[in-house]
Amino acid sequence: MACILFSRPRHDDTLEYLYLYSGELLKESEMLGHKILNKEGADANKATILKLISQQNPEFIMFNGHGNSEEICGHNNEVIVS
């Protein structure tokens with residue numbers, strides 16, 4: 001099955017809401033037999049996420065976070081993808 005990486009920061013109210021709802025996606029993915037890489041809270045940072053992408057080569061990445069049309073941010077609004 002697919003390897004799925006979840007980046008789930010939760011440092012403010014909006015992200016806490018997304019964090020809780022994306023937990024359902026995690027459960028569903030596990031039930032379907034996918035390999036899950038779940039980085040949440042302070043672990044949803046650039047160094048950790050890029051290391052997992054490099055080492056595990058996930059087929060799908062689910063980012064929760066703030067950002068704009070050019071950036072996705074993780075824990076404490078650290079830019080992960082730009």
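What you are looking at is a predicted structure, and each value in this text was computed from that prediction instead of being measured. In this chain, numbering begins with 1 at the start of the sequence shown.
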Check for me, please, whether [X] and [Y] land in the same ILVMFWY cluster - side-chain distances under 4.5 Å, paths through other members count.
X     : Y     : answer
Leu52 : Phe63 : yes
Tyr19 : Leu25 : no
Phe6  : Ile72 : no
Ile53 : Phe60 : no
Leu5  : Met62 : no

Less than 4.5 Å apart, side chain to side chain, heavy atoms only: is that true for [X] and [Y]?
X     : Y     : value
Leu26 : Ile36 : yes
Glu16 : Asp12 : no
Cys3  : Asn57 : no
Cys73 : Ile80 : no
Ile4  : Pro58 : no
Ile61 : Ser7  : no

Practice task
State whether Lys46 and Glu78 are salt-bridged, where the test is any N-O pair (Lys NZ or Arg NE/NH1/NH2 against Asp/Glu carboxylate O) under 4.0 Å.
Solution key: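 No.
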
Exercise for the section: Indicate yes or no: does Glu30 engage Lys27 in a salt bridge with an N to O separation below 4.0 Å. Expected result: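 No, this pair does not count.
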
Exercise for the section: Kindly indicate, with the supporting measurements, whether the criterion side-chain contact (heavy atoms from CB on, under 4.5 Å) is fulfilled by Thr14 and His66. Expected result: CA-CA 9 Å; Thr14 302; His66 298 295; 4.1 Å; yes

Exercise for the section: Verify the distance criterion only: is there a donor paired with an acceptor across the side chains of Gln56 and Lys51 at less than 3.5 Å? Expected result: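 No donor-acceptor contact under 3.5 Å links the two side chains.
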
Practice task
Would you check if there is a donor-acceptor pair between the side chains of Thr48 and Asp43 at a distance under 3.5 Å?
Solution key: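 Note: Asp43 and Thr48 side chains miss the donor-acceptor criterion.
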
Kindly compute the distance separating [atom1] ([X]) from [atom2] ([Y]), expressed to the nearest 0.5 Å.
X     : Y     : atom1 : atom2 : result
Arg10 : Leu15 : CZ    : CG    : 10.5 Å
Leu50 : Asn45 : CG    : CG    : 9.0 Å
Glu28 : Ser22 : CD    : OG    : 13.5 Å

Practice task
Give a yes or no on whether the backbone of Ala2 and the side-chain of His34 come within a donor-acceptor separation of less than 3.5 Å.
Solution key: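 At least one qualifying donor-acceptor pair exists.
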
Practice task
Considering non-hydrogen atoms only, spot the tightest contact between Ala44 and Lys39 and give its length.
Solution key: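 Smallest heavy-atom distance, with atoms named: CB-O, 3.8 Å.
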
Problem - Where Ser82 and Glu71 come nearest, the two heavy atoms and their spacing - result: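 Looking at all heavy atoms of both residues, the closest pair is CB-CG, 4.1 Å.
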
Handout entry: More than 12 heavy atoms of other groups within 6.0 Å of Asn68 CG
Key =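 Yes.
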
